[in-house]
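Everything below concerns the one structure shown next.
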Amino acid sequence: MSSHTFPGTTTAAFTRINARAADRLGVPKDRYAHLLGMDPVHLNGDQYRPPASTNIRIWELMVAKAPWTEVAQLMMEQTRFGQLGVWDYLLTSAPTPLEGLRDGAEFLAGVADPGTETMLVSEADGEITLSHVNAADLSYDAASAIRAYALGLIRQRLSTALGKELVPVRVALATEAPRRHDALQALYATRNIEFERPVSSLTFHAGDLRSPTPHFQPGLSAVLRSHAEQSFATAIPLHDWLGMFRAALKDLAGGEEATLAAAAARLTVSPRTLQRRLDEHGTTWTAELEAVRRARITALLRTTDLSVDAIADRNGYADARALRRAVLRWTGHTPTALRRAAGPHPAVRRA
């Protein structure tokens with residue numbers, strides 16, 4: 001990679017890996033070939049961003065074939081280094097694994113839908129914790145597999161950066177405990193795994209993540225971040241109905257306009273029709289509004305110096321206490337802890 005030419009950073013690569021794993025499990029292609037983004041033109045073009053609903057449906061088909069723990073392990077086996085484009089190199093090319101982890105969190109959109117997935121990094125008592133936030137129900141096997149895979153992938157990439165296996169102090173999963181743990185122990189190289197936690201996370205000794213990356217090249221991280229930003233700017237999102245709804249809701253979110261009636265009017269349907277369409281897509285108005293507010297509020301906390309009261313007021317919460325309870329439920333951290341974990345940020349602004 002010395003020529004500083006990097007592959008793209010869109011979710012098409014992740015979709016290709018999902019499809020390959022589904023094929024390995026014997027999922028019939030006709031069960032997912034019709035989904036948006038599975039057309040060969042879209043699937044093989046790194047400029048395209050298939051919708052999250054396509055990837056989630058493939059995961060649902062996989063966990064119907066095998067236990068979610070085995071699906072997570074299979075996905076890890078299929079995700080060879082470099083297949084996730086510039087995101088892989090962001091995690092492994094920084095001066096330290098911790099800085100690579102922060103870059104990976106900042107550019108999570110390269111491999112996931114930031115509207116439903118969040119990565120947060122915090123430090124306390126000589127330990128660094130990466131939290132992977134996903135609001136799906138604990139008993140939802142597809143979400144359990146995605147959570148387990150995401151943490152396993154990050155641990156593996158950080159191990160690649162260090163040139164040796166990185167073992168976490170502990171692992172927490174926002175899932176019900178499976179019958180067998182062996183696949184998870186292989187993913188994380190530890191038996192210290194807790195289940196039914198509010199948020200999935202990996203915790204490491206701070207010293208491990210602050211160790212210099214052996215093959216660090218000065219200036220490379222800046223090149224990678226610039227490349228990621230350019231890739232995002234030129235990416236072509238493929239919107240299904242749910243994607244269009246979420247885009248409309250994102251525009252409305254931020255106060256009194258974020259109502260069911262306002263969203264229905266934006267999409268030129270009745271509120272009853274909108275609720276029915278959401279039900280057909282396996283979601284609800286309340287869940288979608290909370291997901292948008294979660295993404296917006298965590299971003300404001302990490303990148304602005306707005307007070308908690310001001311953020312609560314801008315996002316339709318009765319007061320700061322209600323917002324604090326919501327943030328704690330979403331992330332397992334208080335607003336203050338999120339800001340402390342983000343640290344000084346050049347983009348901090350008075351919005």
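Only a predicted model underlies this, so the values are computations on that prediction, with no experimental measurement involved.
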Is there a side-chain contact between [X] and [Y], using heavy atoms and a 4.5 Å cut-off?
X: Gln73; Y: Leu184; answer: no
X: His333; Y: Ser131; answer: yes
X: Thr331; Y: Leu338; answer: yes
X: Arg49; Y: Ile236; answer: no

Any donor and acceptor pair, going by atom type alone, linking the side chain of [X] with main-chain N or O of [Y] inside 3.5 Å?
X: Thr213; Y: His215; value: no
X: Ser200; Y: Ala174; value: yes
X: Ser226; Y: Ala222; value: no
X: Arg339; Y: Leu301; value: yes
X: Asp208; Y: Phe204; value: no
X: Trp285; Y: Gln275; value: no
X: Thr54; Y: Leu36; value: yes
X: Asn55; Y: Asn18; value: no

TODO: Using the side-chain hydrogen bond (donor to acceptor under 3.5 Å, both in side chains) rule, take Thr96 and Glu99 through it: C-alpha gap first, then chi angles, then the decisive distance, then the call.
DONE: CA-CA 5 Å; Thr96 67; Glu99 291 173 77; 3.2 Å; yes

Open item on the list: Below 30° counts as parallel, above 60° as perpendicular, anything between as tilted: where do the rings of Phe107 and Phe232 land?
Closed with: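 Correct class here is tilted.
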
Open item on the list: Is the ring pair Phe81/Tyr89 parallel, tilted or perpendicular, if the boundaries are 30 and 60 degrees?
Closed with: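 Plane angle over 60°, so perpendicular.
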
- [ ] Compare every heavy atom of Tyr188 with every heavy atom of Gly152, then report the nearest pair and how far apart it is.
- [x]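 Closest approach of Gly152 to Tyr188, heavy atoms only: N-CE2, 3.4 Å.
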
- [ ] List the atom of Thr79, the atom of Arg157, and the distance in Å for their closest heavy-atom pair.
- [x]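 Residues Thr79 and Arg157, closest heavy atoms: O-NH2, 3.2 Å.
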
- [ ] Please determine if Arg325 forms a cation-pi arrangement with Tyr317, meaning its NZ or CZ atom is less than 6.0 Å from the six-membered ring centre and no more than 45° off the ring axis.
- [x]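 Here Arg325 fails the 6.0 Å and 45° test against Tyr317.
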
TODO: For the pair Tyr140 and Glu176, evaluate side-chain hydrogen bond (donor to acceptor under 3.5 Å, both in side chains) and give the outcome as yes or no after the intermediate values.
DONE: CA-CA 9 Å; Tyr140 180 33; Glu176 294 179 342; over 6 Å; no

Does [X] share a hydrophobic cluster with [Y], counting links as ILVMFWY side-chain heavy atoms below 4.5 Å and allowing steps through other members?
X: Leu242; Y: Leu289; result: yes
X: Leu162; Y: Leu130; result: yes
X: Val292; Y: Trp241; result: yes

Task: Distance in Å, Arg314 CZ paired with Asp309 CG, rounded so as to fall on 0.5 Å steps - done: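 Here the rounded value is 12.5 Å.
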
Task: Pairing of Glu106 and Arg225 as salt bridge, 4.0 angstrom limit - done: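 No, no charged N to carboxylate O under 4.0 Å.
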
